[in-house]
Chemist: 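Have a look at this one before I ask anything.
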Protein chains: 2
Amino acid sequence: MSQHRPPGAPERSVAVPALPDLPEATVARLPEYLRALHNLAENGHETVSSEWLATAAGVNSAKLRKDLSHLGSYGTRGVGYDVALLIDQIEYVLGLTQRRTVALVGVGNLGHALAGYDGFATRGFRIAALFDADPVRVGEEINGLVVRHVDELSRVATEESIAIGVIATPAAAAQRVADRLVAGGVTSILNFAPCVLTVPDGVDVRKVDLAVELQILSFHEHRKASLTALPAAGEATLTPLPGSLAATDPQEAIGT
Amino acid sequence: MSQHRPPGAPERSVAVPALPDLPEATVARLPEYLRALHNLAENGHETVSSEWLATAAGVNSAKLRKDLSHLGSYGTRGVGYDVALLIDQIEYVLGLTQRRTVALVGVGNLGHALAGYDGFATRGFRIAALFDADPVRVGEEINGLVVRHVDELSRVATEESIAIGVIATPAAAAQRVADRLVAGGVTSILNFAPCVLTVPDGVDVRKVDLAVELQILSFHEHRKASLTALPAAGEATLTPLPGSLAATDPQEAIGT
DNA sequence: AAGCGCTTGTGAAGACACGCACAAATCGCG
DNA sequence: CGCGATTTGTGCGTGTCTTCACAAGCGCTT
């Protein structure tokens with residue numbers, strides 16, 4: 001991480017003493033702000049206005065200011081935000097001032113790609129171990145890491161102080177993998193398997209399901225299609241229009 | 001999709017006439033319900049209670065009932081929901097009664113994995129075309145599809161009636177790809193590139209950033225660590241504790 | 001046919017998030 | 001030194017989402 005120290009600042013730490021408890025919605029946006037800020041820093045910008053940063057992050061400027069205000073006041077009225085300082089603050093709050101180690105379980109189609117994804121390394125994470133249940137895959141070397149058998153998962157997780165476990169296995173294996181991660185002391189899990197995991201209190205799970213994203217888009221496609229089929233019927237849902245109901249969108253007819 | 005027809009139902013269509021406008025939060029959960037329902041159907045269950053289904057989907061049962069109530073009343077009091085009927089209803093609302101075609105742009109690390117991901121095909125989507133800008137990759141065959149040059153994107157998207165475009169390129173190329181998708185008539189985009197896309201009104205974009213998910217988990221790790229380090233200091237944020245600020249969490253020390 | 005247990009569907013209240021609009025603060029310039 | 005231009009930080013109204021709690025409805029049993 002960037003070890004920024006403002007030029008004239010005294011060495012007495014002015015960092016937030018303990019973590020403010022941020023709204024979850026704010027936390028989810030901070031990484032996006034951080035990415036935009038790194039872009040700005042690379043282009044040599046030293047300060048940035050909320051308007052500019054908000055546009056770069058794709059959000060409303062008032063929302064951005066409110067989000068940042070939760071971390072404390074690090075902007076200057078009439079000027080804007082100090083890019084480097086803000087980067088440090090967000091990275092501190094997100095816990096990125098220490099590089100977190102990641103264990104990746106399941107090096108199939110998706111897992112293989114994740115293992116080779118350089119976006120992790122460049123944003124503060126280090127994949128420290130790979131696991132798979134398939135004996136054929138165990139021993140394979142990917143990006144300088146040797147795939148180990150999943151039976152070693154708990155032990156290695158403890159030894160290597162794994163902070164985050166990434167599950168990229170088939171759904172049927174995911175719960176067992178999660179159990180082993182928890183047994184190894186892991187308290188944060190990113191789950192790519194299409195299933196619900198049950199974990200003890202204190203363990204955070206985030207789920208990413210690629211097909212779900214497509215299905216949500218599909219809904220909006222469907223909605224848009226049904227609107228264009230009924231150009232003048234924005235509110236038609238509540239007005240029966242008795243004769244023509246079944247014909248509103250021919251391509252969608254089911255059953256009948 | 002499954003052309004379910006309840007045994008005693010008349011052939012007069014009882015499907016919802018036009019699409020109800022669902023809360024966005026509900027739409028995002030429907031795919032999860034759908035997955036759980038398919039699991040139940042495979043195991044031979046014909047009906048399911050909201051309590052059961054909610055648990056399988058990892059949500060509150062009241063929330064589940066309210067979500068489903070937005071689609072209309074398809075449950076039976078005292079009994080539960082008809083699994084097959086509910087599957088049909090959700091698939092209809094999500095627009096999965098017709099198989100949607102997907103174009104995948106960028107067959108690098110991640111794109112390659114997505115091209116081979118069978119979760120798309122099993123959930124109503126068909127990857128119809130692959131594109132890349134790298135001449136070395138053009139012509140390569142992946143899963144029976146030949147990679148085409150991105151210059152053909154707009155034309156092919158129109159010809160093949162692509163419904164959804166998936167961007168798995170580096171961030172620098174993503175906006176140009178989005179423009180070409182839009183030019184080809186695509187109105188739904190799933191963006192894996194870490195950047196904000198600007199698109200015309202009427203085009204939906206969903207963004208998935210794998211590193212962002214890890215950063216959110218990192219925040220919670222950080223928070224948990226700072227809590228265990230200060231077991232009795234839940235409200236310490238506002239009480240300065242002058243002397244010991246920098247020492248609250250040694251491993252997090254930055255700068256100084 | 002009536003009663004009982006079970007489950008859905010929903011009204012209402014609380015919690016959360018959003019965005020406007022403006023006061024407060026800072027810088028630069030005359 | 002004062003004033004205007006600019007931009008942050010935030011109070012407040014609005015809308016959305018969540019959750020509780022219960023009435024209404026259904027089927028089974030007697």
Side-chain angles (χ1 to χ4, degrees), chain A residues 6 8 16 20-30 32-33 36-37 40 45-87 89-90 93 216 219-220 238, chain B residues 6-9 14 16 20-30 32-33 36-37 40 45-86 89-90 93 216 219 237-238:
Chain A
V16 285
D21 47 349
L22 308 175
E24 195 56 35
T26 295
V27 174
R29 283 187 293 264
L30 288 180
E32 195 63 35
Y33 303 156
L37 285 165
L40 286 168
H45 293 75
E46 299 200 347
T47 64
V48 63
S49 71
S50 66
E51 196 66 43
W52 222 102
L53 184 54
T55 304
V59 302
N60 181 301
S61 71
K63 181 150 61 181
L64 174 101
R65 287 199 298 276
K66 190 156 287 186
D67 283 342
L68 295 185
S69 77
H70 287 124
L71 321 182
S73 295
Y74 295 104
T76 308
R77 290 163 135 100
V79 177
Y81 297 91
D82 182 305
V83 172
L85 178 60
L86 202 49
I87 287 176
Q89 282 303 324
I90 294 179
V93 168
I216 295 171
F219 167 80
H220 291 293
L238 296 176
Chain B
V14 291
V16 284
D21 47 348
L22 307 175
E24 195 55 36
T26 296
V27 174
R29 282 186 293 266
L30 288 181
E32 195 63 35
Y33 303 156
L37 284 165
L40 286 168
H45 294 76
E46 300 200 347
T47 63
V48 63
S49 71
S50 67
E51 195 67 42
W52 222 104
L53 184 54
T55 304
V59 302
N60 183 300
S61 72
K63 182 150 61 180
L64 175 103
R65 287 199 299 277
K66 187 150 287 188
D67 282 343
L68 294 185
S69 77
H70 287 123
L71 320 183
S73 294
Y74 295 104
T76 308
R77 291 163 135 101
V79 178
Y81 297 91
D82 181 305
V83 171
L85 177 61
L86 202 48
Q89 282 304 325
I90 294 179
V93 168
I216 294 171
F219 167 80
T237 312
L238 296 176

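By convention in this document, chain letters (A, B, ...) are assigned in the order of the sequence lines, proteins followed by strands, and residues within each chain are numbered from 1.
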Chemist: Can you measure from OH (A:Y33) to CG (A:L53) and round to the nearest 0.5 angstrom?
Modeler: 7.5 Å

Chemist: Using a 4.0 Å cut-off on heavy atoms, which residues in residues 50-69 of chain A reach DNA chain D? List them by number, or say none.
Modeler: A:S50, A:R65, A:K66, A:S69

Chemist: Quick check for you: name the first and last nucleotides of DNA chain D, 5' to 3', having an atom under 4.0 Å from a heavy atom of chain A.
Modeler: D:dT6 to D:dC12

Chemist: Could you state the atom-to-atom distance from CZ of B:R77 to P of C:dT7 in whole Å?
Modeler: 14 Å

Chemist: What's the spacing between A:Y81 OH and A:L40 CG if we round to 0.5 Å?
Modeler: 13.5 Å

Chemist: How would you list, by chain and number, every residue that makes a side-chain contact (heavy atoms from CB on, under 4.5 Å) with B:K63, sequence neighbours excluded?
Modeler: B:R29, B:V59, B:N60, B:D67

Chemist: Restricting to side-chain contact (heavy atoms from CB on, under 4.5 Å), what partner residues turn up for B:A56, sequence neighbours left out?
Modeler: B:A36, B:W52

Chemist: Look up atom OH in A:Y74 and atom CD1 in A:I90, then write down how far apart they are to the nearest 0.5 Å.
Modeler: 11.0 Å

Chemist: Nearest nucleotide by nearest heavy atom, which residue falls closer to the 5' end of DNA chain C, A:T76 or B:T76?
Modeler: B:T76

Chemist: Who passes side-chain hydrogen bond (donor to acceptor under 3.5 Å, both in side chains) against B:E24, sequence neighbours left out?
Modeler: A:H220

Chemist: Not counting sequence neighbours, which residues clear side-chain contact (heavy atoms from CB on, under 4.5 Å) with B:E51? List them please.
Modeler: B:S49, B:S61

Chemist: Taking atom CG of B:L37 and atom CG of B:L85, what is their separation to the nearest 0.5 Å?
Modeler: 10.5 Å

